[in-house]
K.L.:
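Sending over a structure as structure tokens; questions will come in a sec.
For clarity, every value in this text was computed on a predicted model and none was experimentally measured. For this chain, numbers begin at 1 and follow the sequence in order.
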Amino acid sequence: MRIVFGNWKYLFKNFWYVLVCGLAPSIFLALSFDFTAISEYVRMYFGGTSRADFLDLLRVFGPIRIDSALGAIYTVLAYILTSLFSALLLSLVEKHMRIGKRTLSGVDTEMKHLLLPSFMIVFLFFVLGELWAVILSAVAFAIFSISSAVLVYLLTAVAFFLISFLFLYVFEAFFLWLPCLQITGFRPYHAFLYSYRLSIGVRWKLIAAHALSLLVTFLVVGGAAFLPEIVACSIAFVLCLFLFSSLFIRMETVYFETDKIDREDVIKSYKDL
């Protein structure tokens, strides 16, 4: 349970301390949702028409907006700010877990060392997300050629779950790479090997945690698609704020758990000094 929900316990216990790091990236992550395409597809899907063009599906599922130049700018800003503030958040959380006190001293130095790995790994996550969207959209578009509407709905659901599972399996393999680079100082390749070995023992728990977040995202964004776009974007902003913070906190909580590192924010042994 600590693997799945430990990050949420830390988030709510240190709510204002960590959530502020997600404000800027969450604005542009929310704007990266193409609510025009999402709304059209959701209304068609629940209206009895599940078929759509490949590019329309890609606009619905892809993390990279392709509908306009402004949408592309939102995506680029989302990537840059996610990379920057994930480095800041990881620096703050790792130091808090190391010494048991919330302090900003020395965070700027650690953040500088973490910036390049953050940009690299967040880019990898964006690529994985877009690759998932391309494969899912292509498979769904192929399924739409079947004449039976019932079979189309069934096969689309099966394809979604299978492709999402594959994506989460691959995503999990890279999940502890960033905190491993941060804490061990290993070179990228060796850090990846070490982090992958650590993650093997908690693989299914991590996949379950990520699957739960993905499910919540689809339910919230899909439900918001029925609302005016400004309301939908506001809801998406709140969702991204919590998901951004929880994702990178999970990296730290799971890494400390799997590498058997004592967390001073929990045991508070510094008080005995």
Side-chain angles (χ1 to χ4, degrees), residues 1-15 17-19 21-22 25 82-83 85-100 102 107 110-111 113-114 117-126 128-129 164-186 188-217 239-268:
M1 295 299 287
R2 285 181 297 181
I3 298 296
V4 179
F5 298 111
N7 59 309
W8 291 104
K9 181 179 179 180
Y10 182 93
L11 192 156
F12 287 114
K13 192 175 181 180
N14 303 275
F15 192 78
Y17 177 67
V18 298
L19 216 59
C21 295
T82 298
S83 302
F85 282 91
S86 64
L88 175 60
L89 180 60
L90 286 174
S91 300
L92 290 169
V93 173
E94 193 269 342
K95 186 169 186 182
H96 183 208
M97 291 182 178
R98 284 280 194 184
I99 68 174
R102 293 189 291 257
V107 168
E110 183 174 359
M111 185 180 170
H113 295 302
L114 201 55
S118 294
F119 272 90
M120 175 182 70
I121 291 173
V122 171
F123 179 76
L124 173 64
F125 290 166
F126 267 76
L128 285 175
S164 296
F165 172 78
L166 178 62
F167 160 75
L168 292 174
Y169 191 90
V170 175
F171 178 76
E172 177 276 330
F174 296 99
F175 186 65
L176 297 181
W177 194 7
L178 186 53
C180 187
L181 284 166
Q182 175 192 19
I183 293 171
T184 64
F186 290 167
Y189 178 69
H190 296 106
F192 170 70
L193 290 180
Y194 185 58
S195 66
Y196 180 73
R197 288 169 188 158
L198 289 177
S199 70
I200 289 175
V202 295
R203 172 180 293 160
W204 301 112
K205 293 179 181 179
L206 278 175
I207 290 175
H210 300 322
L212 183 60
S213 295
L214 186 63
L215 177 62
V216 170
T217 300
L239 174 70
C240 291
L241 185 59
F242 280 93
L243 290 181
F244 169 87
S245 302
S246 68
L247 178 70
F248 290 101
I249 290 172
R250 181 179 291 137
M251 287 183 181
E252 292 289 351
T253 56
V254 173
Y255 188 88
F256 271 71
E257 177 80 13
T258 54
D259 206 25
K260 310 300 182 186
I261 303 173
D262 290 335
R263 282 180 51 182
E264 286 295 331
D265 65 304
V266 175
I267 62 177
K268 302 183 186 300

K.L.:
Which class fits the ring pair Phe12 and Phe15: parallel under 30°, tilted 30 to 60°, perpendicular over 60°?
P.N.:
parallel

K.L.:
Assess whether side-chain contact (heavy atoms from CB on, under 4.5 Å) is satisfied between Leu90 and Glu110, documenting all intermediate values.
P.N.:
CA-CA 9 Å; Leu90 286 174; Glu110 183 174 359; over 6 Å; no

K.L.:
Determine whether Val18 and Leu92 make a side-chain contact, defined as any pair of heavy atoms from C-beta on separated by less than 4.5 Å.
P.N.:
no

K.L.:
Looking at side-chain heavy atoms only, is the closest gap between Leu247 and Phe175 below 4.5 Å?
P.N.:
yes

K.L.:
To check you understand the geometry: which heavy-atom pair defines the closest contact between Phe192 and Ala173, and what is its length?
P.N.:
CE1-O, 3.5 Å

K.L.:
Supply the atom-to-atom distance Leu206 CG to Ile200 CD1, rounded to the nearest 0.5 angstrom.
P.N.:
12.0 Å

K.L.:
Taking the inter-plane angle between the rings of Phe165 and Trp204 on a 0 to 90° scale, is it parallel (under 30°), tilted (30 to 60°) or perpendicular (over 60°)?
P.N.:
parallel

K.L.:
Taking C-beta and beyond as the side chain, do Thr258 and Ser199 meet within less than 4.5 Å on heavy atoms?
P.N.:
no

K.L.:
Listed by chain and number, what are the salt bridge (charged side-chain N to carboxylate O under 4.0 Å, His left out) partners of Arg203, not counting sequence neighbours?
P.N.:
Glu172

K.L.:
For a quick test of reading the model, state the closest non-hydrogen atom pair linking Ser83 to Ser118 and the distance between them.
P.N.:
O-CB, 3.5 Å

K.L.:
Do Glu94 and Leu114 have side-chain heavy atoms sitting under 4.5 Å apart?
P.N.:
no

K.L.:
Parallel, tilted or perpendicular for Tyr17 and His96, by the 30°/60° rule?
P.N.:
perpendicular

K.L.:
Got a second to check how far Cys21's SG is from Leu88's CG, nearest 0.5 Å?
P.N.:
4.0 Å

K.L.:
Show the nearest heavy-atom pair for residues Leu181 and Ile121, with the distance to one decimal.
P.N.:
CD1-CD1, 3.9 Å

K.L.:
Are the side chain of Asp259 and the backbone of Tyr255 linked by a donor-acceptor contact shorter than 3.5 Å?
P.N.:
no

K.L.:
Under the salt bridge (charged side-chain N to carboxylate O under 4.0 Å, His left out) rule, collect the residues that match up with Glu257, sequence neighbours excluded.
P.N.:
Arg2

K.L.:
Assess the residue pair Ser164 and Leu214 against the criterion (side-chain contact (heavy atoms from CB on, under 4.5 Å)); give the C-alpha distance rounded to whole Å, side-chain angles, the decisive distance to 0.1 Å, and a yes or no.
P.N.:
CA-CA 9 Å; Ser164 296; Leu214 186 63; 4.2 Å; yes

K.L.:
Using the six-membered ring wherever Trp is involved, compare the ring planes of Phe125 and Phe171 and label them parallel, tilted or perpendicular (cut-offs 30° and 60°).
P.N.:
tilted

K.L.:
Could you check, using the six-membered ring where one of them is a Trp, whether Phe123 and Phe119 have ring centers closer than 6.0 angstrom?
P.N.:
no

K.L.:
Within the 4.5 Å heavy-atom criterion, are Arg250 and Trp8 side-chain neighbours or not?
P.N.:
yes

K.L.:
Please name the pair of heavy atoms, one in Ser246 and one in Leu11, separated by the smallest distance, quoted to 0.1 Å.
P.N.:
N-CD1, 3.7 Å

K.L.:
Could you state the interatomic distance from NZ (Lys9) to OG1 (Thr253), rounded to the nearest 0.5 Å?
P.N.:
11.5 Å

K.L.:
Evaluate Tyr10 against Met97 for side-chain contact (heavy atoms from CB on, under 4.5 Å), listing each step before the verdict.
P.N.:
CA-CA 10 Å; Tyr10 182 93; Met97 291 182 178; 3.9 Å; yes

K.L.:
About how many Å separate NE2 of His113 and OG of Ser91, when rounded to the nearest 0.5 Å?
P.N.:
10.0 Å

K.L.:
side-chain contact (heavy atoms from CB on, under 4.5 Å) between Val254 and Lys205: does it pass, once the steps are laid out?
P.N.:
CA-CA 10 Å; Val254 173; Lys205 293 179 181 179; over 6 Å; no

K.L.:
Which atom pair, heavy atoms only, marks the closest approach of Phe85 to Pro25?
P.N.:
CD1-CD, 3.8 Å

K.L.:
Mind checking whether Leu193 and Tyr196 have side chains closer than 4.5 Å, heavy atoms only?
P.N.:
no

K.L.:
How many angstroms lie between atom OG of Ser245 and atom CG of Asn14, to the nearest 0.5 angstrom?
P.N.:
11.5 Å

K.L.:
Going by salt bridge (charged side-chain N to carboxylate O under 4.0 Å, His left out), name the residues that satisfy it together with Arg102, two or more places apart in sequence or in a different chain.
P.N.:
none

K.L.:
Does Val93 reach the side chain of Met251, with side-chain heavy atoms less than 4.5 Å apart?
P.N.:
no

K.L.:
In Å and rounded to the nearest 0.5 Å, what is the CG to CD1 distance from Leu212 to Ile207?
P.N.:
13.5 Å

K.L.:
If we ignore hydrogens and angles and just use 3.5 Å, is the side chain of Trp177 paired with the main-chain N or O of Pro117 as donor and acceptor?
P.N.:
no

K.L.:
Should Leu176 and Tyr194 count as side-chain neighbours, where that means a heavy-atom distance under 4.5 Å?
P.N.:
no

